[in-house]
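Since the structure comes first, as structure tokens, the remarks are kept for the end.
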Amino acid sequence: MLRQNHLHVSLLYIVLLTGTKYGCGGGGCGACTVMVSRYDQIHNRVLHYTVNACLQPICTLHGAAVVTVEGIGSTKTKLHPVQERIAKAHGSQCGFCTPGMVMSMYTLLRNKPHPTMEDIREALGGNLCRCTGYRPIIDGFKTFCVVSNAFNLFPKASCLIQSTFLLTKMHVFSFDYFETCSVKCMCYISLGIREWRGMLPEWPEWRIRGKVLCFQGDRLKLISPVDLTNLLELKTEYSEAPVVVGNTTIGTNLLTFQLFVIYLLCVHVHAGVSMGAVCTLSSLKEEMERAVREMEAERTRGYQALLQTLRCLAGKQIRNMATIGGNILSANPKYDLNSVLAALDCTLQVMSKENGTRTITLNEELFTGFGKTALRPDEVLLSIDIPYSKPWEFVSAFRQAQRREFAFSIVNAGMKVVFREGTNIVESLNIYYGGVGATLVKIGRATRRQASTSGDELLADACCLLEEEVELSDSAHGGKVEYRKTLTTSFFFKFYMQVLQELRERDVNVCLLPLEYLSALKPFKNEVVCLFPLQLVSNAQSSQDPVGHPMMHQAAFHQATGEAQYYDDIPPVQGELFVFMVTSTRAHAKIINIDPSEALGMTGVVTFLSAGDVPGQNRRMLFNNPEELFAEEEVSCVGQIIGAVVAESREQARRAAQRVKVTYQDLLPVFFTIEEAIQHQSFFDLKRKLERGDMDKAFETVDQILEDEIYLGGQEHFYMETQGLIAVPKGENGELELFVASQHSAYTQEVVGITLGIDSNKITCHVRRLGGAFGGKVMKIASLSAITAIAAVKTGRAVRCVLERGDDMLITSGRHPFLGKYKVGYNNDGTIMAADITYYSNGGTDDSHHIMEKALLHMDNGYRIPNLRGRGLVCKTYLPSYTAFRGFGGPQGLMVMESVLHEVAVKCGLPPQKVREINMYREEECYTHHKQLFSPRNMLRCWDECLDKAGYHDRLQAIQQFNTSNRWKKRGISAVPMKFGVGFSKGFYNQGAALVNIYKDGSVLVAHGGTEMGQGINTKALQIASRILKVPMSSIHIKETCTGNIPNAAPSAASFGTDAVGMAVKDACEKLMGRLKPVMENHPKYTWQQWVINKHPPDYNKLNIMMFLGPHTGVDWENSEGPAYYYFTFGACCSEVEIDCLTGDHKNLRTDIVMDVGRSLNPALDIGQIEGGFVQGIGLYTIEELQFSPEGVLMTRGPSQYKIPALCDIPPQLNVHLLANAQNPHAIYSSKGIGEPPVFLASTIFFAIKEAVAAARRERGLGDSFPLSSPATSERIRMACEDQFTEMAPSPKKGTFKPWSINI
């Protein structure tokens, strides 16, 4: 059963079922969620819980049953209601995350058939989605909250043979890969279709046998002890071996020896709660909830604080796997439990064979360094005693993370104060912080000096002591030094206010807390997004005509059942090999030598590839700049591909790649930031400029001139499916087939042909679907395909390439960082007369002039500025080249202009909404700054309707009142219009092709050149074909995208895919119907099949290929004129946020969007694109932050460090309206492209945050104008809300220290 000779192979690769997806390999996305069931001997019950299969070693599943998504339902048998409802609610777009979502919900229903909304929110907290924006997923699942007879939640066929398996009598895994010290045995797997309660007919037979389980491979040995005595003996013998239970910390980085413990110690109550060290965090949470529910509140204050932390700690799957003991002894200051447990004066029971049991206090002395504790090597942790709270104890827990849930904390804290009964005299004070040092930090002097101090004196003294005792160097690991220092005092101030409030409630004589302070004591509550009904088509339209109806995504059922096939789901070809990239570790260096000898000597390694192995061209021209497939003489960034290792397995290739030795000689200069590039005048040659009006004259006549700048950080695509492909040599005439994840299969075909030195007609690229793309799978995948193709040709065997998440982020890069510098001339009424804007983008090693062009072409947004000039420079730095990303420069260009409008409003003392209205295009016929004619009518309609539906003016007054009444919480609201160009500014890309076949049985086959990546291009093509041919959609099948069917296809990008492909399908079907028309007229009563048969075969070829070519687009950059786009999509958005001025946390309260999509082909898909794009924009403008070291190394290389929006980030009220009675004569059936525009609408969140920060600053007498870079992270929000606490953490002088990360 095992294909790889290593023990830590996760459940993900053992099950050999493709529904369970690899998304990150670290438990950070939930794509690999499965349900595990175990027998609880103590309570005589079966426990069902979700786990991340990528972290779950197969060896730990002895005696467990596992259910994957295939096991609960299938399109071949019967769908489970969970699968059916997520599909029908339009909750599956690219579909890659859908199986994980389904399994999380399924497991919840197994434990709680009628869950609450909070149960659903918690269950999905560990699942990420990059496409949908989460709302439709919740819509589908919330139907389970109401008892309904319409669905049987657990049909009898819900557990299928191929995916429900029980590991029983597993002494040892198979002969080939595992062995015990004395005997070899087989692994027996029991399979069968039964009801869950009858699946294990004799419970005693399922109980774990009293034998030591030993697993041994060539690199690793794992032993599962039978009882505590056995564990202590093993720990004595193997004292350096870690004890692993959940494997959430070590993950795939298992060492040479592990002790796996798979038993839970019982929970019991005495003077507090005693939890077994191997009880999971979920068990701890349940026990704390039970105690809080059943006991008086005074005794459970500490438990309530612990619960507050546990609710935000990791996702449900991780909490189900991670243990209390593991969390404590990992000794990671980012782990939240230690600070709270230490504050509660918890004790640990530890034991060793030689010294027996001893009790130690959980405090700062337990932790001797990062990842190190004071436990002796032979000791194990037995239990943790968590005491009840006493009558005059007050406890609080705090944490601040990049994302409110499912993220490591930046700083965490646990605080407890004990007062002398009935007084304000402090008898003891515990303050512990995590995240401000290598270990847990106790504020010792504050504790000692505050004893016998009155509460009124506590704040000032403690803040001064905190400032002294929290020692963080300016170069501290993790960066954010000033912010972390500020959080320590802010947390304490919150604790101080909380205690004061509670003391006053007990009639203790303490100072009165101002009413406007009280809101600071309430943490933000995470809520789920509300249902918003879809807008349907007119009743006058025939029900047989699917165009305009909210049809379900064509592959939704297959995606929900795990049957939808992605490239890595394709079964292995016999003899298949794996390729792993070897990348540069230097930013700018000469390659002295590449030595693969050690790697080639490793087991399973077949060959090593480098520039010398390229049969064709290793260097090709990309946008007039040379690009190397393999670096030959010099590397220009960390992550540049130098070579590749080909081996028999993924793991062998990965390990061998780490053994390839590359010798470098560092070169100068080396720099990474936009500012440094400006200093070095390091720009790519192609510079762009657009200009209208007379700038010099305009600046002489305006009332005011403003000069400012705004920085916008980059963004990682984080598509759920990483990049990769399978290359299969056909062995005849040099033919090669590629099963590839590409948005531009024709370009991939071209690059592979150039690299191999063969004609494109011998290379066939197949693309069935992509698990997300967002522009990231247009260009970079071509190079990966070429390398994999070289490996296939050289070895004569199929080769698979699947990038790990970290390598994907390192090699492929993402959205360009931008710096916008502007000089604006305006009048006192807010009218902008002139704007001179210079855009700088960080292009890395690539001339990304297409992105810069789009930024410049969008710089006017919806505003008629008579004198406007934009200049664009792409900075050449020593970073990996950035690439296309949803919006393609548009969001950056638009954002700078909106910043201009916002700052002008601030300077004029006017509402930003009024300044925007003053400057909008208003005439029926208007010209953009590049002289393209358009009508802003629908943009103005969107704007007016958005403000009206949002209740903007009433809410603005309410927000002003809220801000007056709340000192430490502030709200802001912002609305922006949008004009976004659709299509490519290079006209030859605006084309599409389709092939339509009609067979004698009447069935229809459609093939087109577009790529299905979740946007629903196949579904819309089906709707169009069904309308023209007048046959049901069920009679039409969409074939995979294939270069052998549709040659030279344009990329699926620029929101133009449906426009181009839809028109091609329409034209092809109309041509076929024209041929059928005589038969239909002569035999009007015939059926469709009879018409087809009657026409066959004399003069009718039931095959038609059509090519659609859009109108010419292009820009004359010398004269600043030209129709850059096919048409414009308009929209408007209004968002409201609330910020916590003490921590920088924020909550998105409500968003209203009105979008002009013309006459929607499918409102369900279009609204899904709007919501998904908007949520991706939330990440761009508020959460997602790329961090590079001063050496140019990307440090955010996975979901542990890089956070995309989760369910907790979605506004509880997300209202999307499609503009009624809108037309678009330029596209298929008057529809409009919608994929890219919504990203920018999330800038309203950014500007609403800026409004809220400004409100906080006004109270302190600070100016409304202040710098705020994007993304508006919690750090930037907090430090912009300047107050007495931020003043305690002044910024160090630049150049006096080496920063942990740099702002590129």
Side-chain angles (χ1 to χ4, degrees), residues 133-135 404 519-520 522-530 532 898 901-902 905-906 911-917 942-966 968-978 1131-1141 1143-1155 1170-1171 1174-1175 1177-1183 1205 1207-1217 1238 1240-1258 1264 1268 1270-1272 1274 1277 1280-1281:
Y134 299 97
R135 192 273 311 161
R404 198 172 305 117
S519 61
K522 299 177 181 178
F524 289 130
K525 181 181 179 183
N526 294 323
E527 303 171 77
V528 294
V529 63
C530 295
F532 186 78
E898 288 302 329
L901 271 290
H902 183 90
V906 169
Q913 165 259 347
K914 183 176 181 180
V915 173
R916 288 185 169 98
E917 289 179 344
C942 288
W943 173 258
D944 292 338
E945 286 192 23
C946 181
L947 296 184
D948 178 60
K949 292 179 182 296
Y952 175 84
H953 297 287
D954 292 340
R955 286 167 58 199
L956 182 61
Q957 292 182 359
I959 287 168
Q960 292 169 348
Q961 180 60 43
F962 177 90
N963 290 340
T964 302
S965 305
N966 292 273
W968 301 107
K969 291 276 183 73
K970 298 295 179 185
R971 289 182 179 176
I973 190 170
S974 177
V976 301
M978 180 192 64
C1133 179
C1134 177
S1135 293
E1136 180 182 354
V1137 304
E1138 183 177 329
I1139 67 169
D1140 185 329
C1141 302
T1143 63
D1145 195 10
H1146 80 276
K1147 182 176 181 178
N1148 305 323
L1149 299 177
R1150 175 177 171 178
T1151 290
D1152 293 87
I1153 299 172
V1154 177
M1155 187 69 74
I1170 294 168
E1171 292 173 338
F1174 174 79
V1175 171
I1178 289 178
L1180 170 63
Y1181 294 120
T1182 67
I1183 300 174
L1207 183 58
C1208 60
D1209 300 299
I1210 313 306
Q1213 288 183 271
L1214 177 56
N1215 305 318
V1216 177
H1217 306 267
F1240 166 69
L1241 296 180
S1243 66
T1244 54
I1245 300 285
F1246 176 90
F1247 289 111
I1249 288 172
K1250 200 163 187 180
E1251 288 287 319
V1253 172
R1257 292 171 60 88
R1258 280 194 293 270
D1264 284 7
L1268 183 65
S1270 174
S1274 58
I1277 295 171
C1281 295

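Computed from a prediction, not measured in an experiment: that's the story for all the values here.
Evaluation of the ring-ring contact (aromatic ring centres under 6.0 Å, His included) rule for His1146 yields no partner, not counting sequence neighbours. Qualifying side chain to side chain donor-acceptor pair (under 3.5 Å) partners for Asp944, counting only residues two or more places apart in sequence or in other chains: none. A search for side chain to side chain donor-acceptor pair (under 3.5 Å) contacts involving Asn526 returns Arg404, Glu405, not counting sequence neighbours.
Listed for the Arg1257 side chain is a donor-acceptor partner under 3.5 Å among the backbone atoms of Ala1280. At least one donor-acceptor pair closer than 3.5 Å links the side chain of Asn1148 to the backbone N or O of Asp1209. Distance alone, capped at 3.5 Å, places no donor-acceptor pair between the Asn963 side chain and the Ala1256 backbone. Looking only at distances, a side-chain donor or acceptor of Tyr134 sits under 3.5 Å from a matching main-chain atom of Pro1205. At distances below 3.5 Å, not a single donor-acceptor pair connects side-chain atoms of Lys1147 with backbone N or O atoms of Glu1138. Without hydrogens or angle criteria, Lys970 side chain to Ala1255 main chain gives no donor-acceptor distance under 3.5 Å. The backbone N or O of Phe1246 sits nowhere less than 3.5 Å from a side-chain atom of Lys1250 that would complete a donor-acceptor pair.
Under the 4.5 Å side-chain criterion, counting only non-hydrogen atoms from C-beta, Arg1150 is in contact with Asn1215. Between Thr1143 and Ser1274, the closest side-chain pair of non-hydrogen atoms is not below 4.5 Å. Looking only at side-chain heavy atoms (C-beta outward), Glu1171 and Val1216 come within less than 4.5 Å of each other. A heavy-atom distance below 4.5 Å is not found between the side chains of Ile1153 and Pro1238. In this structure the side chain of Ile1249 never reaches within 4.5 angstrom of the side chain of Tyr1181, judged on heavy atoms. Looking at heavy atoms from C-beta onward, Glu1136 lies out of side-chain contact with Gln1213 at the 4.5 angstrom threshold. Side-chain contact check for Glu1251 versus Pro912: some heavy-atom pair is nearer than 4.5 Å. Taking the side chain as every heavy atom from C-beta outward, Arg135 and Ile1210 never approach each other to under 4.5 Å.
Atom CD1 of residue Ile959 and atom CD1 of residue Ile973 lie 4.0 Å apart, to the nearest 0.5 angstrom. Atom CG of Asp1140 is separated from atom NZ of Lys969 by 5.5 Å, given to the nearest 0.5 angstrom.
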_Full working for side-chain contact (heavy atoms from CB on, under 4.5 Å) between Asp1152 and Tyr952_ = CA-CA 10 Å; Asp1152 293 87; Tyr952 175 84; over 6 Å; no
_side-chain contact (heavy atoms from CB on, under 4.5 Å) for Leu956 and Gln913? Distances and angles first, verdict last._
CA-CA 11 Å; Leu956 182 61; Gln913 165 259 347; 5.8 Å; no
*Checking side-chain contact (heavy atoms from CB on, under 4.5 Å) for the pair Val1137/Arg971: CA distance, chi angles, key distance, verdict?*
CA-CA 6 Å; Val1137 304; Arg971 289 182 179 176; over 6 Å; no
_One pair to check against side-chain contact (heavy atoms from CB on, under 4.5 Å): Glu945 and His1217. What are the steps and the verdict?_
CA-CA 9 Å; Glu945 286 192 23; His1217 306 267; 5.7 Å; no
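Here Glu898 pairs with Arg916 in a salt bridge; the nearest charged N to carboxylate O distance falls below 4.0 Å.
In terms of heavy atoms, Leu1180 sits closest to Pro1271 at O-CB, 3.5 Å. Scanning all heavy atoms of the two residues, the minimum distance from Gly133 to Val1175 falls at CA-CG2, 3.5 Å. Shown here for Asn966 and Ser519, the closest heavy-atom pair between the two residues is OD1-OG, 2.7 Å. Here the closest heavy-atom approach between residue Asp1145 and residue Phe524 is recorded as OD2-CD1, 3.5 Å. For the residue pair Ala950 and Arg955, the shortest heavy atom distance occurs at O-NH1, 2.7 Å. In terms of heavy atoms, Phe1174 sits closest to Pro1211 at CE2-CG, 4.4 Å.
No hydrogens or angles considered: nothing links the side chains of Gln961 and Gln957 as a donor-acceptor pair under 3.5 Å. Defined by atom type and a distance below 3.5 Å, a donor-acceptor pair is present between the side-chain atoms of Ser1135 and Thr1151.
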